Every structure is written in structure tokens, then in C-alpha cells.
Amino acid sequence: MKNKTNILARLVKDIFLSNPLVFILSIICVLLSSVGIIIAPIMLQEIVNNVVEPALKGNLVNWQEPLINNIIILATCYCVALIGTFSYTQLTQNLGNNFMQKTRERCFSHMQDLPIKFFDQHNHGDIMSVYTNDIDSIRQFAANSLPVMFNSSFIVLVNFILMITIYSVWLAIVVLIGVIVMLFVTKIVGSRSSRNYVTQQKMIGKIEGFIEENMNGLKVIKSFCHEEESKKDFDKVNSDLFIAATNANKFGNILMPILGNIGNIVYIAIAIVSGIFLVLQGQNYNIVSGLQKTLEIGTIVAFLTVTRQVTYNFSEVANQVNSIALAIGGSKRVYALIDEKPEEDNGYVKLVKAKYDEKGNIVECPKDSKDFTIWAWKHPHTADNSVTYQKLEGDIRMFNVDFSYDNKNIVLHDITLYAEPGQKVAFVGATGAGKTTITNLLNRFYDIADGKIRYDGININKICKKDLRRSIGMVLQDTSLFSGTVMDNIRYGQLDATDEQCIEAAKLANAHDFIERLPHGYQTMLTGDGTNLSQGQRQLLSIARCALHNAPVMILDEATSSIDTRTEALVTKGMDNLMKGRTVFVIAHRLSTIQNSDVIMVLDHGRIIERGDHDSLIAEQGVYYQLYTGAFELE
Amino acid sequence: MTNSKSEKKVPFMLYVKTLLKSVRQYKKETFLTMLFVGLETILECVIPFIMMFLINDIEAYDPANGMQTLYKILIWAAVLLVLAGFSLTCGILSGRFCAFASVGFSKNLRQDIYYKIQTFSFTNIDKFSVSSLVTRQTTDIMNIQLAYFLVIRIAVRSILMLIFSIVMAFIAAPSIAWIYLILVPVLFGVLLVIVLICYPIYSAGFKKYDKLNESIQENVKGMRTVKTYVREDYEKEKFHKQAYSLQKFFKKADRLAALSSPILQFFMWASMLCIISIGSFLIIQNNIDGIENGMTVGALTSLITYGAQCLSSIMMVTMILTMIIMSLESIHRVYEVLTEENKLLLEENVEGAKLTNLDDGSIEYKDVYFRYDNTSEKYALEDINLKVKSGQTLGIIGATGSSKSTLVNLLPRFFEVTKGSLTIGGHDIKEYDIRSLREQIGMVLQKNILFSGTIKDNLLWGNKDASDEQIVQACKVAQADEFIRNFKDGYNSRVEQGGTNLSGGQKQRLCIARAIIKNPKILILDDSTSAVDTKTDAFIRDGLKRVCPNTTKIIIAQRISSVQDCDQIIVMKDGKIDGIGNHDYLVKNNDIYKDIYNIQNKIGGNQE
């Protein structure tokens, strides 16, 4: 409970801070807008008491003037209130929109800085729902619920004070009892309703999963004549949802009628009580000694209107229960994302553009320089404030590296390997043997538990993460393409590359031919992660991207696994072009792709169990030999 | 009548008629909802009317005769209390019935779509994408449920409220109530204009919004790529631009929509000013003129109440109208599925399609042509002539898109032959009962799909009465038994949704086992060993030969090694048979076959 209030408080604080001026202005306007609603019954009472009643009693002298005066006052109040309403609806709409925009950007920006670990540990659907559902529920809250609640509570409060001060304390107590009952009902029905909404949400998720699975498997269902069973299963899930949804809706639907009628009953109670007072007054029984003023008829009429307003506005507040619950749930997830710790980077060795001067020393070039010849590591020394430069080569060494994802189960044991510039190192092993994990350590998606990794002799912990990653190219099994043209996707490897350079890279990767055959060539739009391309084509594009990136170290993680053999021949050619002169780490399922590696490491349960080139491993007649001859299988 | 459906313009009433068929057993609840909402609304309108009498009596309070006033008040209060009680009961009942009616309707509708989809032929399935079918059964249904809820509860309420409050206003004070007759249509018009301006902006905006979310999804999925290329800042900038333009787009519409609240207030207060000034004037004037039954203070206050009710119900009506307009797209999408025509179904009942048993697994294609769509000029299959004896093995090889899968999909009648004849077991396939036909053809599809449940559950799809020995035997043939036994729970291990906890090769072998358990007359493996290594692949083929010698086996493959022992191999090219014969013959005489063979041997395709 405390947790919930904290989140709500933080949310309101953030909304306030997003634009304090507009927030305060909105509050003022909301208050102004309540004026009309509060003033109206008072004026009505004035008119009845001071104009109509005297006139009815025969006092007909000059009744038009006070009537007109009162009407003018009322009209002025309405005008002020109307301006208030107009301003606050516009302002809060703006505030809500801007806040949503800010929150969305804040989430996205923050997400970019989170470590890969976060994405590995969280379901992508869950991350997405922050953007699709949660942020919107916060907007609803900021733009609609918050002003309504504020407006209505204010009206309730002011009316209450009016009741006590100028009308009648005793009648006010009756109203208070009514409000307490309403509060109680809201708490009971509201909590049931929100609880059932949560269950309903869960069931919706379940049925979505079921439908997705069965739509995907529709052809299988048909080929096994499994339609009837599938219908039966569906009916079960569907009726589960039915039960959950009716429960949720039942409670949601009855809250308003209950509150409305409690309002009616309060109204009736007031009528009875005031009637009794009137009669008692008439008979001069002054048993209600606390009652200072005598009740006037006009007061009772006005009080009844005020009573309606109090109960009505209270139901308005109560009506926001679900939306508040949604906003709390939503902001909880939004804040969980925002509070997630960003990736730390303590590296200080930077990668810079450089060239050799006449003496053969490395000198740094400006950032946007075009005529640099090499990349170099810039190594500042704090001791004497000097800077040394070292050419980027692509020499990778791992010494006794241990690693664990969860600090409990060690997934890599004592890995030691050397990869000199221009060498090709291959990893072979079953799923879960730790092949991909090794590459995750190289670019510091994860940090090692023990041991050392050196890049060109520099401990990679000292290198700026961004620069380290810039120096390592990757082609992954699951190619990620982004909405945009083919050209845009290749250019992702180097944003300032010219079209010619992109095409050059595509040619190198053997992708040029198929791109030319696309409907609009390099300008073809890719949508939905490039679903309009075949797996092989996507792979070729990502190779082209990597080629343009032009890093001295490359990691190819199962880059050709789901490609048919014919396309693979094409891809392999592209990759061979790419690998020339670079340090390459290859992970592959098909042994044919790695046969020509300089070193092949066979991994098993996080340990290197065999190492050597193809011929020596075959001669060794160990696991690799068994794999190669097919006596043993990788799963 | 032609069958061509006009894609866009379906009369609204037709949508309503089609969809409402799904109300079924919830007709009673729907009716009761409307009844009780109606009663509740009437009571809600009557209550202020009675309150008027109450107030009038208080007004008429005469200190000399106090007890009588109190007595009157108590009577009115009792009446009101009873009415409030009724109103509460009606409100609760309508809320409950409405929950059942709207949720029940959506349950039925979802069921109808799901059942309908189960009858789809492959042509129908391919027409809709999987994700669109999912959306139609989830988001769209939810939208329709909301629309239904709004119509049977809120719309009934608002419209009744509107009518009653106007009527009551006239009863209370006929001399002033006419003001509402002017204000109501004007307010409705103004709100409608706002809706009509905003709707297109919103509907375009939501599409942009979907795009934005798609690009977030892309980013989340491609995070490794983003980080590898150190493009975090670039992505932030890109996102900022997109999000900013979206927000600017929505802002206009949101501000316009936000106008409706001050507009309503303006009308409400303007009417109140009129009523109070005219009303007070009339009350006094009537009194001066000595008109009986004229305007009273009570009438004035209840007129104000009715006025507010009537104007806010106009607001509700416009809101509901907006929601219905917004849900039209969903309604259309659901309607499309419900009215999708399935030609196969029509022919299923044709006389003579009664054969339930395949005599053997012999197959003959005679001059078979096939196209997916009767209007397209290009045939996906052309001039197919092929004979396979029962128990033989047929290999099919060819490039992607050469219609290999299409060729075999004709056998279980997933697609219907356009021209020519297709005979199985000596009878034209149209003579078979479609279910029996499919039950006797085992098919392992290219996309191997397992369902959440245990491994055994999945295998039992082939034959629900299969014994444990049969299951194990099939798995042994499919080379799956060993890895299944290595799982902690063996055959009872769970398969996660989408089979994510199994490797590609494992899934393929389970799918093969599932088809073998069927003990079919014809077994089709559509590129189903691509993720299995060559040696295992060979074991599977040997096993099949051994265990089901009488089953006709059709193997579609990418690898020559998978088909080279087949009795007969066909090479497909652009929907035609390019070569037919055994391995030795094709290597010598068919260029395509020779090419594939050379490539695969050169790069060592045999040693995977």
C-alpha cells in the first residue's frame, strides 16, 4: 500500500516537474472552473430567497432590479468558470501530451544505455508493453484523471465548507455520513473490480498466446485433422476468459449505479431531516440547540442542490479508481525501466583517427578528418599527463578467463586463446557450450569474472566500451534490419559513408546482385525487420553492413546457419572477401564453413577440450573427428 | 450473381446482421440489460420529478400547519426511497446482465471466428497473415465488445435519458422547456463537427503510433546490433524525431477534442442562465397575474436538473458514436473472416465423395495444372504428369519458389487442382471424404510446429490411441528417441510455446515421429530434415524403409544426399517438372541436378 502511494507521489511529482508553470496554471484554472459549479446554487438561493420569495409574498416593489443584478453576477461567474474550464482542458491536454512524450523519450534514451544483460533477462514483449500500454495509461492519468479528481475533490471540499459555515452543520453531518458510506462501498467494489481486472488481463494474455500458437500451426492442425480437438482446447481457454471478464465487468459496471443511488438516498435523508427541522422550528421546539440559525426554505432548496453536487462529484472521483490503478501499474513498470542501472564504463583508452608523421610517429587527426591512414589507441597516463598512441591491429588474447552469468553457475572455465591479426579462429560445440558467451565477453556485453582479455596488449577493461565495440564487427545469426531503405541499412555500419562506399561494401559482400534485382534497388524500403527479404538476403545485407564498418576484428556468430546450401555458397564467398586481413572469430554449426580456420576450438561445457587446425584435429581422432565424420551430432 | 465481393462498401446493416448472429444464448441477457437500463433510466428521471413535489411541499411550508408538511415530506421521502431502491436494483441487475451479455457476445464471436478459421483451406489461410488472424481474434474482438457494451448499456441509457429528460422538462415547465429543443440539436451538431474533424486525424495518428512502436520493437530486438555499431545516440536522435512528429500530430486533435468539455459547459450554463432568469420572471409574473398551476420554484430546480441530464446525454451519444466509428475497422476485419468463402467446403458434400479408405499409396498426376487464384495468368504448377507406385520413394528437388511444396499440397487437398486429374489409390481424390483422405496422408511441413504441452501430447496428434510402444518405435525411426530420453522427464517433458526449448533439428525429428505415428499410406517430408545432420538423415530414411515398406514416401529436400537413393527423383523448375529419373540418370542428363550436385560436393555439403 505504501509502495503504491510512493509511486503515485513520484508520478505526480514528475508531472509537476515536467512543467511547473503549466501545472500551477492548470490548478488555478481548475479552481476557477469550479467557481461556476459552486456559485450557481448559491445564486439560485439568493434569487429564491431575496427575489422570488418576497415577490410571492406580495412584496412586489422593484423586484426586477435585484433579479437582473443577481443574474449578471451569475453570468460573470459562469464566464470566469468557462474561461477556467477552457484553459485547464487545453493546458492539461498539453501537459499530458508533453509528459507522455518526455516519458517516452526518457524511457527510450535510458534503454539505449542499458547493458545487454537487461535485454537478455527481460521478455521483449514486456519491454514493449511499457511503450504500448503503460505510458499511455500515464498520459490518461495526467491529462484526464488528475484534473477530474482535482476538480471534483475541490468542489466536494468547498461545498462541504459551505454546508458547514453558511448552511447547516446538522445537515452537513448527514451528507458526511453518506460520503463515508460511499467511500466504503468504493473501497469494497473498487478493490474487487481492480483485482478481477488484473485476472482478466492475465487471461487475455493467455488466450492471445493460445491463438497465436494455433494460428501459426493452422496448417499442421489441418494436416492432422485436428480441428475438433483444437476447437475443444480453444473453448476451454475462451470460457476461462469469459469467467474472468464477466467478474471484472460485473464489479466495474455496478459501482456507478450504487454510488448514484446512495447519492439519491442522501438527498432523501436531507429532505426528511430538514423537513423535521422545519416543523420543529415552527412549533418552537428548540431541541436542536446547536443549530444557531433557523432554516430558511431557500436554504433547504439550495442545500439539496449542493448535496447532489457533493455526491455526484464524489462518484466522479470514485470513478477514477480503475484509471488510477492502471496508472499506478503503468508507472511502476515505467519507473522500473528508468531506475534500471545503465551500463558502466570506466574505460579511458580511446580509439582515434591518426597517421604517421615523417619520423614514423603516430599523430592524432581531428575527429572529422578524411585523410587519416590508421586508427590508433590513445592512451592517457595520469601519472605524468602524457599521451601515448598505439596502432590498432586487432590482436586478441584471453588469459585464464572464467565467466558466470549469475555469479553461481560458471559457464566458461579457464579459457586461454590467442588470435593474431589476420587469423581465423573457430569455435565448435553443442548449444550451451559457451561459444557465443566468449564473443559476448570480447565486446564487453558481459564482464568476465576472472582472468584477463587484452586487445592489442591493452586490458579491455581500460578501453572505452564504445571504442572497443567500434573496433569489433559482428554478424549475428539473427540479422537485425531496421525500417528504412536497403542503403540506410548498409550505412548503419558507418553513418558518414557515401552511396558509392555502401555499394562497394555490398559488392564485397556479394549482395550487390540481389539488391539490384529488388524493385527499387538500393532504395527499396524494408519493413518489419526486413520480412520481405529471404534469410540469405538479410544475411548478405548484414555482411555488407559489417564490411562497411571495416573493423579489424570480426565475429561471425552462426552467420550461415539457416541458409540453404546454394545460397550459402554465395554467402561464404562474401564472407571470405570480408575476412581477408582481419582477426576473425567464427561460430558455426556446419563444419564446412570453418575447415580453413587457423585454429579450431572445440568447446564442451565451457571448456576448450580440443584445439588445433583442421588437419591436426582430424589426425587427433577426437571429438572433432567424430563430428566431422558424422559419428557424433551437435545438438 | 457474381462472387466478386466489393472490398470496401458493405452496408452497415449487413455488418450488424452478420455479427449479431453470435449473440445466441446471450439474447436474454442482452434484452434484460436493455430492459433494466431502461427502467433504471426512467427511475432516474422520475426521481428528480418526485423531488420537485417534495421541494414544492417544503416551499409551501406553513408554520401554522407544520405537522402536515412533515407528513407530506415523509410520504414523498418514502416514495423516493422505494424508487431509489428500485433504481439501485435495476442498476445492479443491468450491470450484471450487461457484463454477461457483452462478454458473452465477444466470447461467442471469438469462438465463431476461431471455428470458421478451422474450416479454412490453405488458400484462405495464405490470404490472411498469421498476425492479422491473431489481431482479429484479440484486439478487434475487444473493440467490438466495447462497442456492444456501449450500445446496449450506455447508448440505451443516454438516448432514453435524452428523451425522458426533455419530456419531463416539458411536464415540469412547458413554458420554458422549449429552450432545450433548440440547444440539444445545436450542441449535437457542434460536437459532431469536432468528432468528424478529429476522427481522421486520430485514425491516421494511430497508424503512425503503430509505426513508432514497430520501430521500438525493432530497436529492442536489434539491441546487439545497435550496441555493436555503437549507434545508441543515433537511435536516440532518430526516435526523438519520430516521437516528436507523432506528438505534434496528435496535439492538434487532442486540443480540439478537449474543446468538447468547455462547449458542453457553455451550453449547460447558458441554458441555466436562461432558465433562472426566465423562470424567476415567470414565477413572479404568474403570481402577479394570479395564474394557477403556473411556474413554481420546484419546477425551476427540476428543470435545471433535467437540462443538465439532457445535455450530458447528448455528450454521451456523441462519444458512443465516436467509439462506434472507431470500431468500424475492427468490425470490418471480423466480418471479412466470418464471410470468407471456402470453396472446398462446398464441394465436400458432393455426392460420391464417400470413399473413406485408401486402397494403397499409389499416386498419379495426369496433366495437372494449378494456380492459386483463378484470376492470375500464371500457373504455379503446369503440365504435371507423374506416377508413383505404392511403397515407392519419390524425391523432389529444385530451387526455392519452384512449387515443390505446392505439388505435394495438392495430395491432402490443401489446395484444389485447377485442371487435370489427381488419383490416389486408383480413385480421383475428389471421391474421397476429405477427412479420411487427410488422416491417411502423413505430412511433415517445412515449418515444423509443435504445440505447448508435453512431448507425448504432441506425438499423440498423430494417433490419439497410439500405445507407448508405438510412440517409442516411431521416435526411434525418426531418431528422436535418444534425445527425448536424455531429457529429465523423458516423453513427459514440456514443450514450451513455439517449441523454443528445442533445437531446430530436435523439432524436425519430433515432427517426423508425429507423422509416422499416424501410420499413413502416404508420407510427405517437406524439407523436414534440413537441420538434421547427414548421418541422422540417412538413418531416418533407412528406418522409414524398414518400418513402413508399404507407405509411399515423398521427400522434398535441398540436399542431394537426402534424395539420391529414391526410386524416382523429380527436378522442379518454375512449376514444371524439369527432369525425372533416378540419381545416376539425372546426374548425367539434367543440368540443374548436376549443378546442385557439384556445388554441394565442392563445398563439402556432405560433411555437415
Side-chain angles (χ1 to χ4, degrees), chain A residues 47 52 55-56 67 71 78 85-86 89 93 97 101 104 108-109 112 119 124 127-128 131-132 208 211-213 215-218 220 223-225 227 234 238 242 245-246 249-250 253-254 257 261 264-265 268 271-272 275 278-279 282 466 469-470 474 480 482 564-565 569 590 592 630 633 635, chain B residues 54 61 63 66 70 73 77 80 84 87-88 91-92 95-96 98-99 103 107 114 118 125 130 133-134 137-138 213 216 218 220 222-223 225 228 230 232 236 239 243 247 251 254 258 261-262 265 269 277 280 283-284 287 435 438-439 443 449 461 497 503 533 535 558 599-600 603-605 608:
Chain A
I47 292 172
V52 181
L56 288 182
L67 178 63
I71 298 274
Y78 277 159
T85 307
F86 170 78
T89 46
Q93 213 40 263
N97 263 329
Q101 154 82 356
R104 193 184 272 149
F108 188 84
S109 268
Q112 298 303 309
F119 299 92
H124 287 181
I127 301 177
M128 277 315 293
Y131 294 95
T132 51
E208 274 180 358
I211 288 175
E212 197 166 327
E213 175 169 347
M215 289 301 110
N216 266 316
L218 205 49
V220 177
S223 62
F224 281 90
C225 292
E227 292 94 338
F234 171 80
N238 199 21
F242 172 75
T246 41
N249 281 303
K250 252 187 334 213
N253 286 351
I254 61 174
N261 282 301
N264 280 335
I265 291 168
I268 295 161
I272 296 172
L278 269 182
V279 173
K466 291 192 169 177
R469 285 175 193 162
R470 240 176 235 136
M474 281 240 245
S480 292
F482 299 90
D564 66 77
T565 13
R590 299 192 185 180
S592 54
E633 190 189 337
E635 279 297 354
Chain B
L54 182 77
Y61 168 67
L70 182 61
I73 290 176
L80 278 173
S87 161
L88 182 67
I92 291 177
R96 285 185 60 100
C98 179
V103 175
K107 179 192 89 176
Y114 191 85
Q118 295 300 321
I125 297 173
V130 168
L133 285 178
V134 174
Q137 290 170 80
T138 51
N213 284 333
I216 298 176
E218 233 169 58
V220 173
M223 198 37 96
T225 309
T228 306
V230 198
E232 292 96 332
K236 284 180 197 172
F239 182 78
Q247 189 226 10
K251 224 180 200 168
D254 275 344
S261 159
Q265 252 177 23
W269 288 343
S277 41
S280 313
I283 294 173
I284 298 170
N287 193 270
R435 284 186 67 89
R438 285 181 187 167
E439 262 159 18
M443 180 115 177
I449 290 186
W461 272 55
Q497 197 175 326
S503 77
D533 63 286
K535 195 142 189 165
Q558 298 278 353
I599 292 173
Q600 291 185 357
I603 64 163
E608 283 173 49

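Computed from a predicted structure; not experimentally measured. Below, all heavy atoms of this structure are taken into account, side chains as well, without hydrogens, waters or symmetry copies. Proteins come first, then strands; the chains are lettered A, B, ... in the order of their sequence lines, and each starts at number 1.
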Problem - Plane angle bin for B:Phe239 and A:Phe108 - parallel if under 30°, tilted between 30 and 60°, otherwise perpendicular - result: parallel

Problem - Atom pair CD1/OG of A:Ile47 and B:Ser280 - distance to nearest 0.5 Å - result: 5.0 Å

Exercise for the section: Below 4.5 Å from any heavy atom of chain B, which atoms of A:Glu208 appear? Answer side chain, backbone, both or neither. Expected result: both

Exercise for the section: Could you have a look at B:Cys98, B:Gly222, B:Ala258 and say which one has the most heavy-atom pairs with chain A under 4.5 angstrom? Expected result: B:Ala258

Problem - Max heavy-atom pair count under 4.5 Å with chain B, selected residue of A:Ile127, A:Asn97, A:Ile265 - result: A:Asn97

Exercise for the section: Determine, stepwise, if the pair A:Arg104 / B:Gln247 fulfils side-chain contact (heavy atoms from CB on, under 4.5 Å). Expected result: CA-CA 11 Å; A:Arg104 193 184 272 149; B:Gln247 189 226 10; 5.9 Å; no

Completion exercise
Output for pair (B:Leu133 CG, A:Met215 CE), nearest 0.5 Å, gives 6.0 Å

Exercise for the section: For each of A:Ile272, A:Asn264, A:Ile211, tally heavy-atom pairs with chain B at distances under 4.5 Å, and name the one with the top tally. Expected result: A:Ile211

Practice task
Measure the spacing between CD of B:Gln265 and CZ of A:Phe86 and express it to the nearest 0.5 Å.
Solution key: 12.5 Å

Practice task
Quick one: sort the A:Phe224 and B:Trp461 rings into parallel, tilted or perpendicular, breaks at 30° and 60°.
Solution key: perpendicular

Fill in the blank from the handout: Distance col, row A:Asn249:CG vs B:Arg96:CZ, nearest 0.5 angstrom, shows 12.0 Å

Exercise for the section: Look up atom CG in B:Asp254 and atom OG1 in A:Thr89, then write down how far apart they are to the nearest 0.5 Å. Expected result: 11.5 Å

Exercise for the section: Grab the two heavy atoms, one from B:Arg438 and one from A:Cys225, that are nearest each other, plus how far apart they are. Expected result: CB-SG, 3.4 Å

Practice task
Kindly give the heavy-atom pair with the smallest separation between A:Asn253 and B:Ala99, and that separation in Å.
Solution key: ND2-N, 3.6 Å

Handout entry: Atom pair CD/NZ of B:Glu232 and A:Lys466 - distance to nearest 0.5 Å
Key = 5.0 Å

Exercise for the section: Using only heavy-atom distances, determine whether the side chains of A:Asn261 and B:Ser87 contain a donor-acceptor pair under 3.5 Å. Expected result: yes

Practice task
Measure B:Ile216 against the heavy atoms of chain A and call it side chain, backbone, both or neither at under 4.5 Å.
Solution key: both

Problem - Residue among B:Leu88, B:Ile73, B:Thr225 with most heavy-atom pairs under 4.5 Å to chain A - result: B:Leu88

Exercise for the section: List the steps and the verdict of side-chain contact (heavy atoms from CB on, under 4.5 Å) for A:Arg470 and B:Thr228. Expected result: CA-CA 7 Å; A:Arg470 240 176 235 136; B:Thr228 306; over 6 Å; no

Fill in the blank from the handout: So, the part of A:Glu227 with a heavy atom under 4.5 Å from chain B: the answer is both

Handout entry: chain A interface, residue from B:Ser277, B:Ser261, B:Pro262 that has the most non-hydrogen pairs under 4.5 Å
Key = B:Pro262

Practice task
Work out which heavy atom in B:Gly95 is nearest to a heavy atom in A:Ile254; give both atom names and the distance.
Solution key: CA-CG2, 4.3 Å

Fill in the blank from the handout: Honestly, the part of A:Met474 sitting under 4.5 Å from a heavy atom of chain B is both

Handout entry: A:Phe242 versus chain B, the contacting section by heavy-atom distance below 4.5 Å
Key = both

